[in-house]
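Taking it in order: structure first as structure tokens, then the write-up.
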Amino acid sequence: MNFEKIKALKSSKKSGSLRSTFPRFSLMGLLLIAILFGSCAEENANEKWVGTWTTAPQLVEPHNMPPEPGLSNNTIRQIVRVSIGGDKLRMRFSNEFSTSPVTMKTVTIAKAEGGSTIDESTIKTLTFNNQQEVTMNAGEAVISDPVAFPLKSRMDLTITISYGETSADVTGHPGSRTTSYILSGNHSEDQNFEEAVKTDHWYTINNIEVTAPKEAAAIAILGNSITDGRGSGTNKQNRWPDILSERLVENPQTENVAVLNQGIGGNCVLKQCLGPSAIDRFERDVLNQNGVKWLIILEGINDIGQTPDSAAAAKVAENLISAYDQMIEKAHEHGILVYGATILPFDKSFYHEDYRQMARNTVNDWIRNSGRFDAVIDFDQTMRNPEDTLTIKADLHDGDFLHPNEKGYITMGESIDLKLFQ
């Protein structure tokens, strides 16, 4: 259907020039256009764009930069596992933290077949305003044109980018827990990258949205390394948000609920630590994500863990509560339900000090008892050692008494009541 003509028709009716604009349209033709337009409107009313995968971009630290041969004039293949599926998707790419332009000459997607191998029959080339090549200026992001693609729930998808010139400083997400593959030159449609240099980081990619039924919705999870998945298995996709996502899509009452992992390792709520603070990125990572109906906040341990004394710790606890309250207000204004997750135990970790424990207790008491959150997810209760409640259970942390291990993440993901998302 020619939507430009429909727009012209509607504009002409407003100006009273319908006869001069379409002098030969029969009554049957007008009825046909009305029927077609009505069908499209009904189809669009029954679906919407919903995020199915995301990662929070940041300025990549020097030790996490792309290894040789680098990105400029080379190709990287990156793998992500989505949450819900759809028949059409679009992607967002970010150059938000770079100081120079980045050119993507070709971007292809395909179904992953393990390692760097793809199912060649599924390759689709993304376009940007109908062009294959696109340049992102410093501080900018781009969204691809929608493309038909049979994306299944929890599918592993490859995104293969052949770059032109890139910035010396890179926008990406170091904590991918997923292997990426770099080859010299343009290899955007190669079946596999056998000779590639491997790196466990993501670069440039930001989010994926799908057309989904109107009842579909997403959970945004704002967090630090425990949400980002430090201690989970590389290429196993077993962070606690992954475990939650698997349970949601397997449950008929929640199969259209997506999970958007907005964790950044080393992130703080109140100040810039690694990546922008939770307060500063809240609009980008929560409010501006399509389809978000729920928000889980699990963040604050890095703020508390960096306090030098009891007075500073007490002030940080007070400011964290204020920040949570502010985020709740903003989310509620957008119709988003907010669930507070209690901060995990950290006794015996490198963050342990008695005054920091007091600050954590203050924050957790507020999360549980203030009534400000729409629900509470008590990870502290789930993960604590019942015989020593200030520490994580011995078999649930990765050795540092701070980060969960793979079993710990499974325990966290399985502890969440799915009825919160029905």
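Heavy atoms of other residues, nucleotides or ligands lying less than 6.0 angstrom from CE of Met358 number 12 at most. Heavy-atom contacts from other residues, nucleotides or ligands closer than 6.0 Å to CG of Asp417 number more than 12. The number of heavy-atom neighbours closer than 6.0 Å to CD of Glu195, taken from other residues, nucleotides and ligands shown, is 12 or below. For Glu194, the CD atom is loosely surrounded, since the number of other residues' heavy atoms within 6.0 Å does not exceed 12. The number of heavy atoms from other shown groups lying within 6.0 Å of CD (Glu283) does not exceed 12.
Taken to the nearest 0.5 Å, the OG atom of Ser121 stands 10.0 Å off from the CD atom of Gln191. In this structure, the separation between CZ on Arg92 and CD1 on Ile143 is 6.0 Å, given to the nearest 0.5 Å. Taking OG of Ser180 as the reference point, atom CD1 of Ile159 lies at 9.0 Å (rounded to 0.5 Å). Here the OG-CD distance, from Ser98 to Glu140, works out to 11.5 Å after rounding to the nearest 0.5 Å. From Glu113, atom CD reaches atom CD1 of Ile118 across 9.0 Å, with rounding to the nearest 0.5 Å. To the nearest 0.5 Å, atoms CD (Glu189) and OG (Ser162) are separated by 9.0 Å.
Only one option out of Val50, Val249, Ile219 pairs with Val257 in a side-chain contact (heavy atoms from CB on, under 4.5 Å); it is Ile219. Evaluated for a side-chain contact (heavy atoms from CB on, under 4.5 Å) with Asn224, the options Ile264, Ile301, Leu298 yield exactly one hit, Ile301.
Sorted by first and then second residue, the disulfide (SG to SG under 2.5 Å) pairs with a member in residues 175-273 read Cys268-Cys273; sequence neighbours excluded. Residue pairs meeting the salt bridge (charged side-chain N to carboxylate O under 4.0 Å, His left out) criterion with at least one member in residues 93-109, sequence neighbours excluded: Glu96-Arg284, Lys105-Glu133. For residues 286-305, the set of pairs meeting the salt bridge (charged side-chain N to carboxylate O under 4.0 Å, His left out) definition, not counting sequence neighbours, comprises Arg281-Glu299. Among residues at least two apart or in separate chains, salt bridge (charged side-chain N to carboxylate O under 4.0 Å, His left out) pairs with a member in residues 398-411 are Lys236-Glu406, Asp395-Lys407. Within the structure, every pair that satisfies the ring-ring contact (aromatic ring centres under 6.0 Å, His included) test and touches residues 112-162, not counting sequence neighbours, is listed here: Phe93-Phe128. Within the structure, the salt bridge (charged side-chain N to carboxylate O under 4.0 Å, His left out) test picks out the following pairs touching residues 242-259 (sequence neighbours left out): Arg154-Asp242, Arg154-Glu246, Arg239-Asp242.
Side-chain contact check for Asn192 and Ser116: no donor-acceptor pair (N or O, by modelled atom type) lies under 3.5 Å. Using modelled atom types, one finds no donor on one side chain facing an acceptor on the other under 3.5 Å when comparing Ser94 with Asn206. For Thr108 and Thr125, the side-chain atoms include no donor-acceptor pair closer than 3.5 Å. Using a 3.5 Å distance cut-off with no hydrogens or angles, the side chains of Gln306 and Lys271 do pair a donor with an acceptor. Remark: the Thr254 side chain and the Asn251 side chain contain an N/O donor-acceptor pair separated by less than 3.5 Å. For the residue pair Glu165/Asn73, the side-chain donor-acceptor check at 3.5 Å is satisfied. Judged by distance alone, the side chains of Thr75 and His187 never bring a donor and an acceptor atom under 3.5 Å apart. Side-chain N/O atoms of Asp374 and His332 include a donor and acceptor closer than 3.5 Å. Remark: the Asp200 side chain and the Ser176 side chain contain no N/O donor-acceptor pair separated by less than 3.5 Å.
Contact annotation: the side chain of Ile367 approaches that of Tyr324 to within less than 4.5 Å [non-hydrogen atoms, C-beta and beyond]. Put simply, the side chain of Ile182 does not reach to within 4.5 Å of the side chain of Tyr163, judged on heavy atoms. A 4.5 Å side-chain heavy-atom check between Pro345 and Phe401 finds every atom pair outside the cut-off. Two residues are said to be in side-chain contact when any heavy atoms from C-beta on lie closer than 4.5 Å; Thr342 and Arg368 meet this criterion. Looking only at side-chain heavy atoms (C-beta outward), Thr160 and Val107 stay at 4.5 Å or farther from each other. Under the 4.5 Å side-chain criterion, counting only non-hydrogen atoms from C-beta, Asn290 is not in contact with Lys48. Residues Trp53 and Leu260 have side chains not in contact (no heavy-atom distance under 4.5 Å, counting atoms from C-beta outward). Between Asn95 and Asn137 there is no side-chain heavy-atom pair separated by less than 4.5 Å.
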side-chain hydrogen bond (donor to acceptor under 3.5 Å, both in side chains) between Asn207 and Thr54: does it pass, once the steps are laid out?
CA-CA 4 Å; Asn207 78 1; Thr54 192; 4.6 Å; no
Step by step, would you call Val197 with Tyr181 a side chain to side chain contact (heavy atoms under 4.5 Å, CB included)?
CA-CA 6 Å; Val197 174; Tyr181 305 84; over 6 Å; no
Under the side chain to side chain contact (heavy atoms under 4.5 Å, CB included) criterion, do Ile226 and Met412 qualify, and how do the steps go?
CA-CA 10 Å; Ile226 293 175; Met412 291 174 69; 3.9 Å; yes
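Between the side chain of His352 and the backbone N or O of Asp347, no donor-acceptor pair lies under 3.5 Å. Here the side chain of Asn261 pairs no donor or acceptor atom with the backbone of Ile221 at under 3.5 angstrom.
One finds a salt bridge joining Glu329 and Arg372 here, because a Lys/Arg side-chain nitrogen approaches an Asp/Glu carboxylate oxygen to under 4.0 Å. Electrostatic pairing of Glu318 and Lys315 counts as a salt bridge here, judged by a charged N lying under 4.0 Å from a carboxylate O. In this structure, Arg177 pairs ionically with Asp228, as a charged nitrogen and a carboxylate oxygen lie closer than 4.0 Å.
By the side chain to side chain contact (heavy atoms under 4.5 Å, CB included) test, Pro213 is found to be paired with Glu215, Ala216, Asn256, residues two or more places apart in sequence or in another chain being considered. Under the ring pair (Phe, Tyr, Trp, His ring centres under 6.0 Å) criterion, Trp366 pairs with Phe373, sequence neighbours left out. Residues meeting the ring pair (Phe, Tyr, Trp, His ring centres under 6.0 Å) test with Phe379, sequence neighbours left out: Trp240. Residues satisfying the side chain to side chain contact (heavy atoms under 4.5 Å, CB included) criterion with Asn235, sequence neighbours excluded, are Thr178, Thr179. Scanning for ring pair (Phe, Tyr, Trp, His ring centres under 6.0 Å) contacts around Tyr351 gives an empty result, with sequence neighbours left out. Remark: Thr52 pairs with Val82, Ser83, Ile84, Leu151, Ile208, Val210 by the side chain to side chain contact (heavy atoms under 4.5 Å, CB included) rule, at least two apart or across chains.
The six-membered or imidazole ring of Tyr339 lies near that of Phe421, with a centre-to-centre distance under 6.0 Å.
With Trp49 as the aromatic partner, Arg90 meets the cation-pi criteria of under 6.0 angstrom to the ring centre and within 45 degrees of the ring axis.
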